[in-house]
Amino acid sequence: MSVKIKINWDNENVVSESVCIYRADSAFTSNNLPPLLAEIFGNVYEYEDLTTTENQTYFYMLSTRLAGQEVFTSCYDVSTKLSQVDPEFSKVKLLMQF
């Protein structure tokens, strides 16, 4: 069964060009990034990852980009075990701030 992971963030870097979302199946750092999952432009502060399945753990990191530079969040893990999924919306929420 597919599970939707909804990622919300508060970007205090108001002059950023975009927010990048990275995802992997194991923990990672900004020195060994997985492929880019999504790049968000404009005043958007959430992303719905529709490519996950139940009973898995995913690791996410966000960054802001400006003029070729990136500032990263920590790496966060999200479990899609049924007990942690909101049954009404079938999603897991993750809030990141940087």
Side-chain angles (χ1 to χ4, degrees):
M1 177 174 135
S2 293
V3 175
K4 175 172 39 176
I5 295 179
K6 185 174 183 179
I7 303 169
N8 300 289
W9 60 88
D10 181 15
N11 185 359
E12 295 179 5
N13 299 294
V14 293
V15 295
S16 64
E17 296 169 348
S18 65
V19 171
C20 296
I21 301 172
Y22 300 91
R23 186 191 80 198
D25 295 333
S26 60
F28 59 93
T29 69
S30 59
N31 294 325
N32 65 339
L33 293 169
L36 183 65
L37 177 65
E39 186 169 10
I40 312 298
F41 296 92
N43 293 324
V44 177
Y45 299 99
E46 72 178 34
Y47 175 80
E48 293 182 348
D49 187 352
L50 305 173
T51 62
T52 62
T53 58
E54 68 179 88
N55 298 317
Q56 300 290 322
T57 299
Y58 297 94
F59 295 81
Y60 291 88
M61 183 181 288
L62 275 66
S63 72
T64 57
R65 286 187 179 172
L66 178 63
Q69 296 183 358
E70 278 187 273
V71 176
F72 295 90
T73 66
S74 299
C75 187
Y76 294 89
D77 62 295
V78 178
S79 173
T80 58
K81 292 181 182 175
L82 289 178
S83 63
Q84 296 179 347
V85 175
D86 181 338
E88 183 179 329
F89 299 105
S90 185
K91 65 185 173 187
V92 175
K93 292 184 181 180
L94 174 65
L95 175 63
M96 296 184 177
Q97 184 173 25
F98 54 110

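For reference, positions follow the sequence shown, starting with 1.
Residues Met61 and Phe72 share a closest heavy-atom pair of SD-CD2, 3.6 Å. The shortest non-hydrogen separation linking Thr64 to Ser16 is CB-CB, 3.8 Å. Shown here for Val44 and Phe41, the closest heavy-atom pair between the two residues is CG2-O, 3.8 Å. Smallest separation of non-hydrogen atoms from Tyr22 and Cys20: CE1-CB, 3.8 Å. Here the closest heavy-atom approach between residue Phe59 and residue Phe28 is recorded as O-CE2, 3.4 Å. Across all non-hydrogen atoms, the minimal contact from Glu39 to Ser18 is OE2-OG, 2.7 Å.
In this structure, SG in Cys75 is found 10.5 Å from CG in Leu62, a value given to the nearest 0.5 Å. Taken from OG in Ser63 to CD1 in Ile21, the straight-line distance is 9.0 Å, to the nearest 0.5 Å. Between the CG atom in Leu37 and the OH atom in Tyr60 there is a gap of 6.5 Å [rounded to 0.5 Å]. The distance from atom CG of Leu50 to atom NZ of Lys4, rounded to the nearest 0.5 Å, is 6.5 Å. Between the NZ atom in Lys6 and the CD atom in Glu48 there is a gap of 5.5 Å [rounded to 0.5 Å].
Residues Tyr47 and Val19 form no side-chain contact, since every pair of their non-hydrogen atoms from C-beta on lies 4.5 Å or further apart.
Note: the hydrophobic cluster containing Tyr45 also contains Ile5 (ILVMFWY, side chain heavy atoms under 4.5 Å, direct or indirect links).
Counted within 6.0 Å of CG on Asn32, heavy atoms from surrounding residues, nucleotides or ligands total more than 12; the atom is thus considered enclosed.
For the 3.5 Å distance criterion, the side chains of Arg23 and Thr52 fail to qualify, holding no donor opposite an acceptor. A donor-acceptor contact closer than 3.5 angstrom is absent between the side chains of Asp49 and Tyr58.
Side-chain atoms of Gln56 never come within 3.5 Å of backbone atoms of Thr80 as a donor-acceptor pair (strictly under, hydrogens ignored).
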